[in-house]
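Just so we're clear, the structure is a prediction, and the values are computed from it rather than from any experiment. Labels below follow one simple rule: chain letters A, B, ... track the order of the sequence lines, proteins then strands, and each chain is numbered from 1. Below, each value reflects all heavy atoms present in this structure, side chains not excepted, and no hydrogens, waters or symmetry copies.
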2 protein chains.
Amino acid sequence: MVSRKTARVIQLADALSGRRVLHLRDAAALLGVSEMTVRRDVADNPGQFAFLGGHIVPAGEIEPDAPYELAREADSHAAAKREACVHAARRIRPDETIFIDCGTTLEYLVDLIPENYSITAVCYSLNVAEKLTRKSNVRTVMLGGVYHPSSASFSGNSGLETLDSLGINVAFLSAAGVDPGRGATCVHFHEVSVKQKVISLARESHLVVDLSKIGKLKPAFFAPIGVFRSIITEEGETQLPGL
Amino acid sequence: MVSRKTARVIQLADALSGRRVLHLRDAAALLGVSEMTVRRDVADNPGQFAFLGGHIVPAGEIEPDAPYELAREADSHAAAKREACVHAARRIRPDETIFIDCGTTLEYLVDLIPENYSITAVCYSLNVAEKLTRKSNVRTVMLGGVYHPSSASFSGNSGLETLDSLGINVAFLSAAGVDPGRGATCVHFHEVSVKQKVISLARESHLVVDLSKIGKLKPAFFAPIGVFRSIITEEGETQLPGL
DNA sequence: TACGATTTGTGATATTTGTCACAAAACCTG
DNA sequence: CAGGTTTTGTGACAAATATCACAAATCGTA
């Protein structure tokens, strides 16, 4: 037996699954109760719903009002990352297969894949995969595995094996740190084996980072600078001498 | 040369790509202009941004205020599917590994995984994966492969190989048709190999469908009824005689 | 620098949304 | 069905947001 209230909550969730937002007024009409009651229902299920203006939205849709500083911080490197991806996108050729690393930097690259190119894109992060699947001219290949929330990516042996069956023309790698001596490093160790295998298999690899990463050293080393064809930042592409 | 205005619009888009919503107040502070100006920027780019309450959201996030009737007719089967999943959820035990098939039906099951259970969940569809990764008590394993837009899922040899390394206690399968004689069928052939392998490896498999699927026959056959421990619909679980 | 055109900021006002306290209704449980 | 508990609705009020008109600032161009 479900309480009257949980029944309403379920009905609300149903209504929301169809559209993304529902006005309080409509929700009240839909459920046949007062707006006040809907308010209470929503307030009692913060995990499921949230308020935004006078509307109810699924809780996942929005972060619960992070303060202004966060936006500023998010923004400060975003422009640089986007700009770096603009340069990186020039390396994409029609009908080729590209690899897109995880992380926020290369998310922008997806937007910059030319609409008139037919591309196969390989990824292993949820964010990138989601953006890729929205593009009709891109065939998306995902490496599976266990999910790592820290980087929103998957990794595991099977993902590595998938790589063996792929032919990658251009690989775009990102890094959390680029040390002139030591090379490229990232934060999460589970990314290392994927990155390394990609570098070894791809015909050419490019390191795409914003300038704030240069000089940083992070815990997980994955490649010396020399393995990359170029380093691409917001200032453009820096060719590296071949091996 | 970009106008002052388009520069702001780009910056706004960047800020929004980091977080999902941005309060008008914060946007104004971020761009260093008045709220009125931000309002005008947003209003002038209805394709890109929208207002929701006092917040700016990416336009794609929301349908432009569809009328109340829409909510009402949102997926008439949603309630049935959810109800079926309520029954299915009773088969989930703490600390076990479950498999969740693709399709809209089993999306609801994710919401119903008890918060206090520690669960490993295996999936191969983007929708399900996304919902799973939001649950902190669930370890998500994804089978990779090539993306199929029709069912928002991935499939390929490597995904199948991943299954070999997993121990699945309970598998929840969905179907587009259940014919009493022929068995369970679905629409997309690429799903067949995944479903079959899961059924063969899982300790127990359950077929979760709403009643509208009963009696239907779809192009891709994947299992006779007998292989399932039970069929679960909105009316409850129907045990099947063991093999 | 002077000019008109455009963009931007400010404050007043109208509308919408949020909060709260309290009364009415519904719902247990013996 | 009496008693207490919980749920729901109502209206008053506070706060936030939307809209508008007009003044100030900025821009482009002679």
Name all residues meeting the ring pair (Phe, Tyr, Trp, His ring centres under 6.0 Å) criterion together with B:H188; count only those two or more places apart in sequence or in a different chain, and write none if there are none. B:H190
I need a per-nucleotide contact map over nucleotides 17-23 of chain C, read 5' to 3'. Cutoff is protein heavy atoms under 4.0 Å; write B for the base, S for backbone only, - otherwise. SBBB---
OP1, OP2 of D:dG9 versus side-chain N and O of A:S34: anything below 4.0 Å? yes
Degree of bending in the helix from C:dG4-D:dC27 to C:dG30-D:dC1 once both end axes are built from five pairs, to 10°: 40°
Taking atom types as modelled and ignoring hydrogens, do the side chains of B:N127 and B:S125 form a donor-acceptor contact shorter than 3.5 angstrom? no
For B:S174, check side-chain contact (heavy atoms from CB on, under 4.5 Å) against everything at least two apart and list the hits. B:D101, B:L106, B:K195
With under 30° as parallel and over 60° as perpendicular, where do the rings of A:F99 and A:Y124 fit, or are they tilted in between? parallel
The criterion is side-chain contact (heavy atoms from CB on, under 4.5 Å); which residues satisfy it with B:A88, sequence neighbours excluded? B:L109, B:F172, B:V208, B:I232
Test salt bridge (charged side-chain N to carboxylate O under 4.0 Å, His left out) on A:R90 and A:E237 and set out the steps. CA-CA 10 Å; A:R90 283 198 258 277; A:E237 183 173 321; over 6 Å; no
Under a 3.5 Å distance rule, please check whether B:H87 uses its side chain to pair with a backbone N or O of B:E235 as donor and acceptor. no
Sequence neighbours excluded, the answer for side chain to side chain donor-acceptor pair (under 3.5 Å) partners of A:S153 is A:S151
